[in-house]
*Asks:* 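This is the structure I want to talk about, given as structure tokens.
Basis for what follows: all heavy atoms, side chains included, without hydrogens, waters or symmetry-related copies. Chain letters run A, B, ... following the sequence lines, proteins first and then strands; every chain starts at 1.
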Amino acid sequence: MPELPEVEVVRRGLARWVAGRTVAAVEVLHPRAVRRHTGGGADFAARLAGRTIGAPQRRGKYLWLPLDDRDLSVLAHLGMSGQLLVQPAGAPDEKHLRIRVRFADSAGTELRFVDQRTFGGLSLHPTVPGSAEGLPDVIAHIARDPLDPGFDEMLYHAALRAKRTTLKRALLDQSLISGIGNIYADEALWRAKLHYERPTTTLAGPRSRELLGHVRDVMNAALAVGGTSFDSLYVNVNGESGYFDRSLDAYGREDEPCRRCGTPMRRRPWMNRSSYFCPRCQRPPRVSS
DNA sequence: CTTCGATCCTGGTAGC
DNA sequence: TGCTACCAGGATCGAA
């Protein structure tokens, strides 16, 4: 499941292998992969052809490629299973190949969007006026992520505490703080010894800063390891958690001993997914919702 | 306005 | 063995 660290690794791969190249032709093989593009697949392909790709950018789990005149950007979201691969033009199509981008140069590689579950996709959007990075207008509401130098920490802490919700819901709220998904939310909460259902209103400033620190730490740790699975013809993305899955302390560890206290970890159904936590280190709030 | 839950999708696997 | 049911989950949209 690509969250911020995985998407950042992909961004770096695109920066190296795709930036500066001019698009020759685009092939949309599955309409769902361009469903966020209002004009449909043919329009997406026509508008992208002939354009030159600028420096890839990222905010949270969103990735985008500004185009030459900065009027439009290609927005990409990997969803749950999306991959952006740089492959030799002659390589056999992947089973779930959804979009192919051919280039007008002699490098011999093409960009492929492969996505089994089709939660992800590509689309073209006007950029926010004055945005140097070519921020697509449709993601202007997405908060900056905790690794962004422009992340406003004071604003975040105040907004978090003003929410009438629970900690994990808030961590997953991309308009409050972006880039966190189910895996890193559970990891950060475990590190902070906080229960996922604790009301945000009860989190005092110091604890909130501590939690944010753990979010950053776990993401940086994952990023450091994720970078190693990169090679030249494969813009990373193993869709999985990369090498970091061996370092997870909470996610997926039901019945395994807590790495701090040895108590068996628990899994609880939560919002049509799961929450993993240590019942001893992460005590539930007194008044549970 | 804010919060909450259902829904989209497909492949792997557990269970019968 | 072959089938069904369930699980993974980010973002969106409509309901409360």
Side-chain angles (χ1 to χ4, degrees), chain A residues 1-8 10-11 28-38 58-64 75-84 93-99 113-123 125 136-146 158-189 196-202 215 219 222 237-242 244-245 248 250-255 266-277 287-289:
Chain A
M1 279 54 78
E3 298 180 28
L4 186 153
E6 291 75 29
V7 178
E8 174 59 16
V10 173
R11 190 198 66 77
V28 176
L29 300 156
H30 196 303
R32 218 179 117 76
V34 290
R35 68 190 180 287
R36 294 190 66 160
H37 184 83
T38 43
R58 182 189 55 72
R59 177 175 289 192
K61 303 170 202 170
Y62 285 93
L63 187 63
W64 70 90
L75 180 63
H77 196 291
L78 302 177
M80 291 183 60
S81 54
Q83 295 174 291
L84 279 167
D93 288 0
E94 289 76 7
K95 184 175 180 186
H96 301 292
L97 177 62
R98 310 303 190 192
I99 299 170
F113 180 69
V114 177
D115 190 7
Q116 178 208 118
R117 285 178 241 185
T118 67
F119 273 57
L122 305 184
S123 47
H125 303 278
D137 59 4
V138 293
I139 60 163
H141 67 289
I142 298 294
R144 288 181 186 270
D145 61 66
L160 177 81
R161 227 178 150 178
K163 289 267 179 196
R164 282 198 301 259
T165 185
T166 51
L167 277 186
K168 187 165 170 180
R169 290 191 84 108
L171 288 178
L172 295 179
D173 182 346
Q174 306 296 302
S175 65
L176 182 65
I177 181 170
S178 69
I180 305 172
N182 202 42
I183 297 172
Y184 293 110
D186 280 2
E187 292 301 309
L189 288 167
Y196 59 98
E197 283 192 316
R198 176 159 169 171
T200 44
T201 49
T202 69
V215 168
M219 284 184 166
V237 199
N238 11 12
E240 332 285 322
S241 328
F244 193 69
D245 55 354
L248 295 177
Y251 185 82
R253 300 196 67 241
E254 182 179 21
D255 296 333
R266 290 200 182 140
R267 179 178 75 91
R268 287 284 175 274
W270 183 85
M271 298 279 296
N272 284 330
R273 38 179 74 68
S274 295
S275 274
Y276 296 87
F277 67 107
V287 186
S288 181
S289 65

*Asks:* So, does Gln174(A) use its side chain to make a donor-acceptor pair with the main chain of Ile180(A) at under 3.5 Å?
*Replies:* yes

*Asks:* Considering all heavy atoms of both residues, which atom of Leu248(A) and which atom of Arg253(A) are nearest to each other, and what is their separation?
*Replies:* O-CD, 3.4 Å

*Asks:* Can you give the first and last nucleotides of DNA chain C, 5' to 3', that have an atom under 4.0 Å from a heavy atom of chain A?
*Replies:* dA8(C) to dT12(C)

*Asks:* Using modelled atom types and a 3.5 Å cut-off, is there a donor and acceptor pairing between side-chain atoms of Thr165(A) and backbone atoms of Ala170(A)?
*Replies:* no

*Asks:* Could you check whether Asp145(A) pairs with Lys61(A) (Lys NZ or Arg NE/NH1/NH2 to Asp/Glu carboxylate O, under 4.0 Å)?
*Replies:* no

*Asks:* Checking the side chain of Asp137(A) only, and the main-chain atoms of His125(A) only, is there a donor and an acceptor separated by less than 3.5 Å?
*Replies:* no

*Asks:* What's the angle between the local helix axes at either end of the helix from dT2(B)-dA16(C) to dC16(B)-dG2(C), using five pairs per end and rounding to 10 degrees?
*Replies:* 50°

*Asks:* Run the numbers on Arg32(A) and Asp115(A) for salt bridge (Lys or Arg N to Asp or Glu O under 4.0 Å), then give the verdict.
*Replies:* CA-CA 10 Å; Arg32(A) 218 179 117 76; Asp115(A) 190 7; over 6 Å; no

*Asks:* Considering only NZ, NE, NH1 and NH2 on the basic side and carboxylate oxygens on the acidic side, decide whether Arg267(A) and Asp255(A) come within less than 4.0 Å.
*Replies:* no

*Asks:* One character per nucleotide, please: for nucleotides 4-13 of chain B, 5' to 3', B when the base has a protein heavy atom closer than 4.0 Å, S when only the sugar-phosphate does, - otherwise.
*Replies:* BSBBBBBS--

*Asks:* Indicate yes or no for a side-chain donor-acceptor contact from Asp186(A) to the backbone of Tyr276(A) under 3.5 Å, with no hydrogens or angles considered.
*Replies:* yes

*Asks:* Counting any heavy atom closer than 4.0 Å, what does Arg36(A) reach on the DNA or RNA strands: base, sugar-phosphate only, or nothing?
*Replies:* sugar-phosphate

*Asks:* Could you tell me which non-hydrogen atom of Glu3(A) sits nearest to which non-hydrogen atom of Tyr184(A), and how far apart they are?
*Replies:* OE1-CD1, 2.7 Å

*Asks:* Can you name the nearest heavy-atom pair linking Leu172(A) to Ala185(A), along with the distance?
*Replies:* CD2-CB, 4.1 Å

*Asks:* Considering just the side-chain nitrogens and oxygens of Lys163(A), establish if one lies under 4.0 Å of OP1 or OP2 belonging to dT2(B).
*Replies:* no

*Asks:* Atom CG of Leu176(A) to atom P of dC1(B): distance rounded to whole Å?
*Replies:* 18 Å

